J.: 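This is the structure I want to talk about, given as structure tokens.
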Amino acid sequence: MNVRVVDYRAADAAEQFTRSLHETGFGVLVNHPIPQDLVEKIYRDWLAFFGSEQKHDFAFSVEKQDGYFSPEISETAKGHTQKDIKEYFHIYPWGRIPAQLKDDAMRYYDTANTLAQELLGWVEQYTPADIAAHYSEPLSGMIKGSDKTLLRVLRYPPLTGNEPAGSLRAAAHGDINLLTILPAANEPGLQVQDMNGNWVDVPCDFGMLIINIGDMLCEASRGYYPSTQHRVVNPSGEGASKSRVSLPLFLHPRDEVVLSERYTAGEYLNERLRELGVKM
């Protein structure tokens, strides 16, 4: 599988990027508007937060799904029995955020959300008419007024050697949402499954931005935009002693948006959260 690396500033960026999403479920952007120095500062500051006891003051809310999720309650990917080896913090503009981390987190949230909305507009522009005819409303309209778009700060801790057999930093899964925006992490490990079932390393040079299709857009487009399975594999050698931090933004529609005859966005989200074991 050849995941295209597209220059955000190129004249044909929207067409090339959208073609990559259709063919592979993934696209990679360079020369995009998210400041690299901000990403690196967030990585450093949140690593310190995850290393502190303060994180326990923000234990996650089952009702709101904001706050800190410990490794003990981390997700179990759909179809898997082992929990992922990770801890994470869910950031919403209306939710709880540690005071010393709030300004940078919200600056990043706003920048990434604005870009995600633009990229969704690209997808809408280059969706074939016969596919777009099934959208209940324009894709750009689905996110207007949404309070569900989520910024997740993830830490995959160093490996101890005592991990349960078969457990991964993130087992193979598809994302729930419309689009996911992900700056290259501080360590490699992200892989995507191609159409033949092979696992392929995703380019992870600092400054690259990885975008993938989520299950909701796959559902709304009747599979035209595939939600590709991806995972984060466990490192070996020196990499096993390092934390890996990543910063995905999950672009979500409003709950009442109709995705298909089967689901509204809210129904789809709640079903998947129950499957992941983080909602009753």
Side-chain angles (χ1 to χ4, degrees), residues 32 34-61 65-75 77 83-93 95-113 115 149-163 167-171 173 175 180-191 201-212 230-250 278:
H32 54 80
I34 294 180
Q36 186 62 32
D37 59 344
L38 176 62
V39 172
E40 293 182 35
K41 183 172 187 298
I42 288 172
Y43 286 170
R44 288 194 303 272
D45 292 347
W46 279 86
L47 260 181
F49 172 78
F50 283 121
S52 75
E53 290 302 306
Q54 186 192 9
K55 62 189 179 184
H56 299 296
D57 299 337
F58 292 86
F60 89 108
S61 158
Q65 294 286 309
D66 69 330
Y68 170 69
F69 294 69
S70 71
E72 291 72 36
I73 54 169
S74 180
E75 296 167 320
K83 286 189 180 300
D84 289 346
I85 309 168
K86 66 189 182 188
E87 58 185 335
Y88 51 96
F89 197 103
H90 277 186
I91 295 173
Y92 298 95
R96 296 166 297 155
I97 310 171
Q100 77 275 20
L101 301 171
K102 183 168 186 175
D103 286 351
D104 284 340
M106 291 317 304
R107 181 180 160 213
Y108 178 84
Y109 183 101
D110 290 343
T111 304
N113 193 29
L115 178 60
T149 289
L150 162 67
L151 176 60
R152 172 184 283 180
V153 189
L154 272 157
R155 174 182 176 254
Y156 303 96
L159 301 178
T160 64
N162 298 319
E163 288 77 22
S167 61
L168 291 176
R169 281 182 157 178
H173 64 284
D175 291 343
T180 301
I181 309 285
L182 179 71
N186 66 328
E187 293 289 325
L190 180 64
Q191 295 183 330
D201 291 328
V202 173
C204 65
D205 297 341
F206 246 24
M208 285 184 167
L209 195 68
I210 298 108
I211 296 94
N212 64 272
H230 51 286
R231 67 184 186 181
V232 179
V233 295
N234 298 343
S236 57
E238 189 183 336
S241 64
K242 298 177 181 177
S243 288
R244 183 179 189 272
V245 189
S246 76
L247 199 59
L249 181 93
F250 301 105
V278 294

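Scope of the values below: all heavy atoms of this structure, side chains included, with no hydrogens, waters or symmetry mates. In this text, all values refer to a predicted model and were calculated from it rather than measured experimentally.
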J.: Quick one: are V232 and K86 in side-chain contact, heavy atoms under 4.5 Å?
T.: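 Of all side-chain heavy-atom pairs linking K86 with V232, none is under 4.5 Å.
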J.: Judged by atom type as modelled, is there a donor-acceptor pair below 3.5 Å linking the side chain of R96 to the main-chain atoms of A59?
T.: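 Flag set: sc R96 to bb A59 pair under 3.5 Å.
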J.: What is the distance from atom CG of N234 to atom CD1 of I85, rounded to the nearest 0.5 Å?
T.: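 With rounding to 0.5 Å, CG (N234) is 4.5 Å from CD1 (I85).
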J.: Side-chain donor-acceptor pairs under 3.5 Å in residues 236-245, sequence neighbours left out?
T.:
unit_1, atom_1, unit_2, atom_2, d
S241, OG, E238, O, 2.8
S243, OG, R155, NE, 3.1
S243, OG, R155, NH2, 3.3
R244, NE, E187, O, 2.8
R244, NE, P188, O, 3.2

J.: Could you tell me whether the side chain of E163 and the main chain of G161 form a donor-acceptor pair under 3.5 Å?
T.: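 Checked: pair present.
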J.: Not counting sequence neighbours, which residues clear ring pair (Phe, Tyr, Trp, His ring centres under 6.0 Å) with H173? List them please.
T.: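 For H173, the residues satisfying ring pair (Phe, Tyr, Trp, His ring centres under 6.0 Å) (neighbours in sequence not counted) are H230.
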J.: Check whether D66 reaches the backbone of F58 with its side chain - one donor and one acceptor, N or O, closer than 3.5 Å.
T.: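 Side chain of D66 to backbone of F58: no pair is present.
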J.: On the 0 to 90° scale, with breaks at 30° and 60°, tag the Y92-H90 ring pair as parallel, tilted or perpendicular.
T.: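 Geometry flag for H90 against Y92: perpendicular rings.
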J.: Any idea which heavy atoms bring L182 and P248 closest together, and the distance?
T.: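 Nearest pair, atom of L182 first, then P248: CD1-N, 3.6 Å.
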J.: side-chain contact (heavy atoms from CB on, under 4.5 Å) with Q100: which residues, sequence neighbours excluded?
T.: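 With sequence neighbours excluded, Q100 shows a side-chain contact (heavy atoms from CB on, under 4.5 Å) to F49, Q54, P98, given in chain and number order.
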J.: Only counting residues at least two apart or in another chain, list the ones meeting side-chain contact (heavy atoms from CB on, under 4.5 Å) with I34.
T.: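 side-chain contact (heavy atoms from CB on, under 4.5 Å) list for I34, sorted by chain: H32, V39, Y108, T111, A112, L115, I181, L209.
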J.: Take V202 and N212 through the side-chain contact (heavy atoms from CB on, under 4.5 Å) test and state the conclusion after the steps.
T.: CA-CA 11 Å; V202 173; N212 64 272; over 6 Å; no
J.: Can you tell me how far the OG atom of S70 sits from the CZ atom of F89, to the nearest 0.5 Å?
T.: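 Interatomic distance, S70 OG to F89 CZ, rounded to 0.5 Å: 13.0 Å.
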J.: Please report the interatomic distance CG(L168) to CG(D84), rounded to the nearest 0.5 Å.
T.: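 It comes to 7.5 Å.
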J.: Quick one: which residue pairs count as a salt bridge (charged side-chain N to carboxylate O under 4.0 Å, His left out) with a foot in residues 50-59, not counting sequence neighbours?
T.: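 Matches after skipping sequence neighbours: K55-E87.
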J.: Nearest heavy-atom pair of I91 and A105: which atoms, and what distance?
T.: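 It is CD1-CB, 3.9 Å.
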J.: For Y43, enumerate each residue passing the ring pair (Phe, Tyr, Trp, His ring centres under 6.0 Å) test, keeping only those at least two apart in sequence or located in another chain.
T.: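 Here no residue qualifies.
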J.: Does R169 reach the main-chain N or O of P157 with its side chain, forming a donor-acceptor pair under 3.5 Å?
T.: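 Indeed, once roles are kept as given, a pair shorter than 3.5 Å links the two residues.
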J.: In Å and rounded to the nearest 0.5 Å, what is the OG to CZ distance from S246 to R152?
T.: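 Between S246 OG and R152 CZ, I get 8.5 Å after rounding to 0.5 Å.
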J.: Please check: side-chain N/O of Y109 versus main-chain N/O of T149, any donor-acceptor pairing under 3.5 Å?
T.: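 Judged by distance alone, yes, a pair lies under 3.5 Å.
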J.: Of N186, V153, L154, which meets side chain to side chain contact (heavy atoms under 4.5 Å, CB included) against L247?
T.: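 Among the candidates, only V153 passes.
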J.: For a 4.5 angstrom cut-off between non-hydrogen side-chain atoms, does S167 reach K83?
T.: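 The answer is no, as the side chains (C-beta and beyond) never meet within the 4.5 Å cut-off.
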J.: In terms of ring plane angle, is the pair F50 and Y68 parallel, tilted or perpendicular, where the classes change at 30° and 60°?
T.: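 Geometry flag for Y68 against F50: tilted rings.
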